[in-house]
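Everything below concerns the one structure shown next.
Convention: sequence-line order gives letters A, B, ...; per-chain numbering from 1.
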There are 2 protein chains.
Amino acid sequence: MHRWSQLFIPTLREAPADAEVASHKLLLRAGYVRQLGAGIYSYLFLGNRSVNKIIAIVREEMDAIGQEFLLPALNPKEVWEASGRWTGMGDNMFRLKDRKGAELCLAMTHEEIMTDIARKELRSYKQLPQIWYQIQTKFRDEPRPKSGLLRVRQFIMKDSYSFDIDETGLDESYRKHDAAYRRIFSRCGLQFVAVEADSGAMGGSASQEFMVYTDAGEDLIASSVSGYAANLEKATSQLTPVTEMEPTGDGTPELVHTPGKAAIADVAEFFKISPASDIKTVAYMGQTKTADGKTVEQPVIAFLRGDHFVNETKLCAVAGVSELRPMVAEELALYFEGPAGYLGPIGLKVLPAAKGDPRATTVILDKGLEGRKNMVAGANKLDYHFRNVAPGRDFTWTAIADIRNVNEGEPCPISGQPLKVAKAVEIGHIFKLGRKYTQSMGASVLNRDGKEVTPIMGSYGIGIERILTAAIESSAAASAGASYALHPAIAPFQVVVTITNVGDAALREAGEKVAAALESAGVDVLLDDRDERAGVKFKDADLVGIPYRINIGRGVAEGKVEFVDRLQNQTSDLALDNVAREVAAKVTSALHNPVAGM
Amino acid sequence: MHRWSQLFIPTLREAPADAEVASHKLLLRAGYVRQLGAGIYSYLFLGNRSVNKIIAIVREEMDAIGQEFLLPALNPKEVWEASGRWTGMGDNMFRLKDRKGAELCLAMTHEEIMTDIARKELRSYKQLPQIWYQIQTKFRDEPRPKSGLLRVRQFIMKDSYSFDIDETGLDESYRKHDAAYRRIFSRCGLQFVAVEADSGAMGGSASQEFMVYTDAGEDLIASSVSGYAANLEKATSQLTPVTEMEPTGDGTPELVHTPGKAAIADVAEFFKISPASDIKTVAYMGQTKTADGKTVEQPVIAFLRGDHFVNETKLCAVAGVSELRPMVAEELALYFEGPAGYLGPIGLKVLPAAKGDPRATTVILDKGLEGRKNMVAGANKLDYHFRNVAPGRDFTWTAIADIRNVNEGEPCPISGQPLKVAKAVEIGHIFKLGRKYTQSMGASVLNRDGKEVTPIMGSYGIGIERILTAAIESSAAASAGASYALHPAIAPFQVVVTITNVGDAALREAGEKVAAALESAGVDVLLDDRDERAGVKFKDADLVGIPYRINIGRGVAEGKVEFVDRLQNQTSDLALDNVAREVAAKVTSALHNPVAGM
């Protein structure tokens, strides 16, 4: 029997001033965690207990589809060099040297180690498929740790990796993960949504994120009532056709003096057009890391509608670069001559790459400009614009692609219903990885015909603390961040039995009895036997997120106790003789009727 | 149902040539682990499964006495500086810098972090006692990783820390750990022994190690039939009185020409004495780390009986240094003048420390020389010895202490029975730590009288992989390292059901039935449904350490199956209809009748 008086549950009246999001404040106030350093937390008794319960659920569902491993966090440099990611991981990876000077890193993910095992141990299609998973501590040198457990430098992940003989096999491993993830998040009581995610940068073919809507989230999700949902990095929309402007003159580009009209709104007003008929020019330098760790740059120019915004994730993928930065004035002068505010496609200098240098000027046209005519664009000359501009006729590009963010209210690409855009936190990710690692690291097996083939991989992750944090954020939203109640599957305790006055022997006895009965019915119960005022005890119990509370108070004399269901926000009187049975049934029912995801 | 055909169990016929000890070879051959780098291992399906079972037992027993936390492996430098161990840990601690240049380490132990929490959160005696534990990955930059999982650079530990108001409280926390550890090791099926351990270097007052005898161990344990057992670092013995030599001349030191007699045996023969009447001189430089990370040295000279050997752990503790190295020739010349082989106490230059330098020459006399007379000793002059030497009369010392190793056969300090000395591996350690950390880090609480007092700590550890390794070593000893069988509490599977011929439908059906019946009786069963020869399957099953095997073979036609109890090394025929029930009962009985420790 767990007795509050014996436990270390350091609740706080106030959260430290630097705690911003609700979950961060509440995790500290509830005595779940304490901060040790930037992005580094100690999990105390209650926090660890919740984490252990989440891990148990994840393990149970993963055991049903795969085999658990445990890989080292400490990795020799060599195995990361084999895949080319020793340099590719950049400053996000912690690196260190051992006493002999050998270079090591702290793994952020384990594609390399899993592929290393696969290449050494798998020889035949008969050994496939394999799904290998682990629940393990990961390290990441996060540039700006913040938001409590949402952006940290050390965290627990369930990561898994599938190896299949072909795409059909991968589809099945991916489907199994999708189903297991839905079961896991539902059992944890999360209202989650599965969204299409970007997969370009990692070279894979399909990717899905599991998200929980919350203002504490750092991702943006576009969704519609039709069920469409995608990360903004990936989301698309249908575009309503724009009424084209009438041409002037002979219909070819005509230079117009537009003094002081640099902003798109001003240009639109000047020409009496919608911003949708203006061509926006965005000029970047795209960055790529070479195998020897150097960063090389190339110009990446994007053209899109004046009312649209560049989605850098999409643009990176299309341009084949890993990062983008805006051009500085000297670079703008080099490629455009004209000043910022008057940039445009006509007269842009697509400079040839140096001999043998693949980094020529890359020009990407957003799909929204495809087939448009009579548009306005900067003339690469101070105080001048062109009108009658037609993409294709008047300028060309390297590639045409969807490189823009969808806007709230635009038609859903499937149903045409207006899209909503909302913040969310990612709790899981499944990903068809392809053959990037098996190929670069030389894993192969013999197929049915005795030929060497390269297995195809999937990579799948769940952030254990993210589940806890998302659950707290979701629950706390209802009380404007004042408190939260966790689902009984992941709460540190399912029921707290509060003896309102431990000085009263009858109440003490009744509390002990109810708690013991709950415990023998398999309920994870905490007996609040502290010598504190009832109000303090109620507040603490609410603060630590326990979903159900039984108040053992004066009603005991008439055989009654108060039951508080914090998930339903209901309070009721129950018979003392019956309360353990009824509450145990309620807990069991909650565990067996998990929340449905979206 | 776990089916071997679906699992990744990469057994090997041969162990890699560099695997030395039995457990290392077997862990690799059984497909439990694979090496990723020096002292860094990946745990595959079976190995991880065993580790998880050990962790579950440890957690269950620790939950009964304490509260589980989870502390970060990544620690900021500052908290280690607060205790003075940032430098004290030396090269054993992995250190790294983050992207901003801040210094971090990978924790080898968590006294600092636990004390940091205690000093911030504990205010009153009412909050004591506390026992906080965690099961977590530790890192250690081991200078010579070897012996498979015995000496590694990353490993899992259960570490716990107790905080008590006074010594009586600490005694109780220590006792609780002692009892919990005995339950844990017994449940894991280990024949362990609890031994007195050294506690000097860490500044504590009592210390006990839990050991398993095995030739793979790196510790030496002295024990006697009386139940006395101590780490050689700490062990003592009764000494049989030595018959003193007769004095010559006037009974004061007399110089004797002993040409070429440098070795103790030669000296004893020359003087016709037992080596027990010769004084052995051992000259070291003792090393200490200062707070700013520098190593300073001081001479440490030990005198002991010619038939005794220095115990450097004991000597370090007495001399107050952290390491010892033998003096080199120039140093010998400085302090003794005489050459090696003729060193002795008379004429030793106890050089005064430099002004303000505390590092004077330290001379330690072993207790075995106390009160002796008429001994022989080197004369600090080539080819000369003194006789008639009496410690105390003819030379002095800084301290007198037990600084020697006990020898096999010497009388047990308690019973007088002859001591045995044998190799063992440490699986756990409990330690009365004292106030070193609470004092240096400024933790205090108010006692019953409202006075500030410093809580007293205990520190306790269990090596999770050590339990697995010790179990394998113990079991493998019986077959000269050829195979092993784990206790059903920690084996990856408790029973393997081997279908000797999967081409035979009747055998397949019988195997499925037996395995299903075992599973529904709560037994962790593995069905070997591979299309392999029976011999291969038996070999593999033995190799992976499963304690019980049921062979589904031709006997099925007559309603019989073969049952192999690998723990008892017995084979018997059981009725097919009954086998699941009987074997399930056997497993249950094994789980409820743990091995008794010593």
Counting only heavy atoms closer than 4.5 Å, note whether B/P143 contacts chain A via side chain, backbone, both or neither. both
Report the option among A/I113, A/L71, A/L36, A/L96 that has the most heavy-atom pairs separated by less than 4.5 Å from atoms of chain B. A/L36
Partner chain A: residue of B/L70, B/V79, B/I40, B/I117 with the largest heavy-atom pair count (under 4.5 Å): B/L70
As an exercise, state the distance from CZ of B/F8 to CD1 of A/I131, rounded to the nearest 0.5 Å. 14.5 Å
To the nearest 0.5 Å, atom CG of B/L104 lies from atom CG of A/L106 at 9.5 Å
Greatest number of non-hydrogen atom pairs under 4.5 angstrom with chain B, of A/L122, A/L44, A/L74, falls to A/L74
Most heavy-atom pairs under 4.5 angstrom with chain B, which of A/P129, A/A73, A/A102? A/A73
Report every donor-acceptor pair between chain B and chain A with a separation under 3.5 Å, backbone and side chains included.
unit_1	atom_1	unit_2	atom_2	d
B/F8	N	A/Q67	OE1	2.8
B/R34	NE	A/E121	OE2	2.6
B/Y43	N	A/L70	O	2.8
B/Y43	O	A/L70	N	2.8
B/N52	ND2	A/E68	OE1	3.1
B/Q67	OE1	A/F8	N	2.8
B/E68	OE1	A/N52	ND2	3.1
B/L70	N	A/Y43	O	2.8
B/L70	O	A/Y43	N	2.8
B/A73	N	A/Q154	OE1	3.1
B/L74	N	A/Q154	OE1	3.0
B/N92	OD1	A/R99	NH2	2.7
B/D98	OD2	A/R153	NH1	2.8
B/R99	N	A/D141	OD2	2.6
B/R99	NE	A/D141	O	3.0
B/R99	NH2	A/N92	OD1	2.7
B/R99	NH2	A/D141	O	3.1
B/K100	NZ	A/P143	O	3.1
B/E121	OE2	A/R34	NE	2.6
B/D141	O	A/R99	NE	3.0
B/D141	O	A/R99	NH2	3.1
B/D141	OD2	A/R99	N	2.6
B/P143	O	A/K100	NZ	3.1
B/R153	NH1	A/D98	OD2	2.8
B/Q154	OE1	A/A73	N	3.1
B/Q154	OE1	A/L74	N	3.0

To the nearest 0.5 Å, how far apart are CZ in B/F94 and CZ in A/F94? 15.0 Å
Heavy-atom distances under 4.5 Å only: say whether B/L46 touches chain A with side chain, backbone, both or neither. neither
